[in-house]
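Working notes for the structure below.
When a ligand or atom number is given, it counts from 1 through the structure's own listing order. In this chain, numbering begins with 1 at the start of the sequence shown.
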Amino acid sequence: MSSRKKLIAGNWKMNKTPADGVALVRDIVAAIGKQSDVEVVVCPPFTALESVGKALEGSNVKLGAQNMHHEASGAYTGEISAAMLRALFATHVILGHSERRSYFGENDEFINKKVITSLKNQLKPILCVGETLAERESGSTLKVVQRQVEGGLEGVSKEQAPTVVVAYEPVWAIGTGKVATTEQAQEVHAFIRGLLVKLFGDAVAQKVRILYGGSMKPANAPELLAQQDIDGGLIGGAALEARSFVDLVNAATAAK
Ligand code: PEP
């Protein structure tokens, strides 16, 4: 049992038109839109942010984006700024997702710029970290995660840190149906908590939510969410259907 409010965030990736997104959140809001035991965030593609945001009005479900650029404006074709996201009432932004790191070459330094910019603009960053299968098999999981956490959070102040969310997502578990065992996940979550203690002190580190991500489903969520340092989930596939997403929020409610 921890004092941290559990958080369930849905990462829709490159799925859902605005109309599809609105239909999905209508069902989610009808089922759990008024509950406040668990913080719930949906992260549609940029093109659906505005209409999904409108459909969320009056509910407790929050709006997040899947990425942003660190500059305020300018010649960055195809990019979106923090102020643009704020103008659409986004409260959260996923940064450094492994798909951004592997397909778009994002590194810790670049991701750190985005983290700093998001915080300056009152957007809560969900900083994703996690090792590949090769890194796990070569025994470098903790080293990789340490580099990503320390690199991603460089320059974040103690005052800002409680609004940061870290998502531990072993790359080999994302979209593969392979979920980390509760022991594997809790080990890395506890390690991340230790890194946060070193960076920000114990009191602040105890406030930071650390989510698990990687094939989290209603069937495996209760055991994962019962772990001491697992404060919620970043959900891909199971966030695309209201029933499974709502079941995950209910599992987090039961585990709180
Ligand atoms: C993700 O991409 O953040 C994710 C966790 O995906 P999935 O739940 O589909 O593994």
Tell me every residue that passes side-chain hydrogen bond (donor to acceptor under 3.5 Å, both in side chains) with Thr17, counting only those two or more places apart in sequence or in another chain. Asp20
How would you list, by chain and number, the residues with a heavy atom under 4.0 angstrom from ligand 1? Asn11, Lys13, His97, Glu169, Ala173, Ile174, Gly175, Gly213, Gly214, Ser215, Leu234, Ile235, Gly236, Gly237
Any side-chain heavy atom of Ile192 sitting closer than 4.5 Å to one from Asp229? no
May I ask you to test the Phe200-Val156 pair for a side-chain heavy-atom distance under 4.5 Å? yes
With heavy-atom distances below 4.5 Å as the criterion, would you say the side chains of Met68 and Asn121 are in contact? no
Can you find a pair of side-chain heavy atoms, one from Val179 and one from Leu224, that are under 4.5 Å apart? yes
Arg193 side chain near Gln228 side chain, heavy-atom distance below 4.5 Å: no
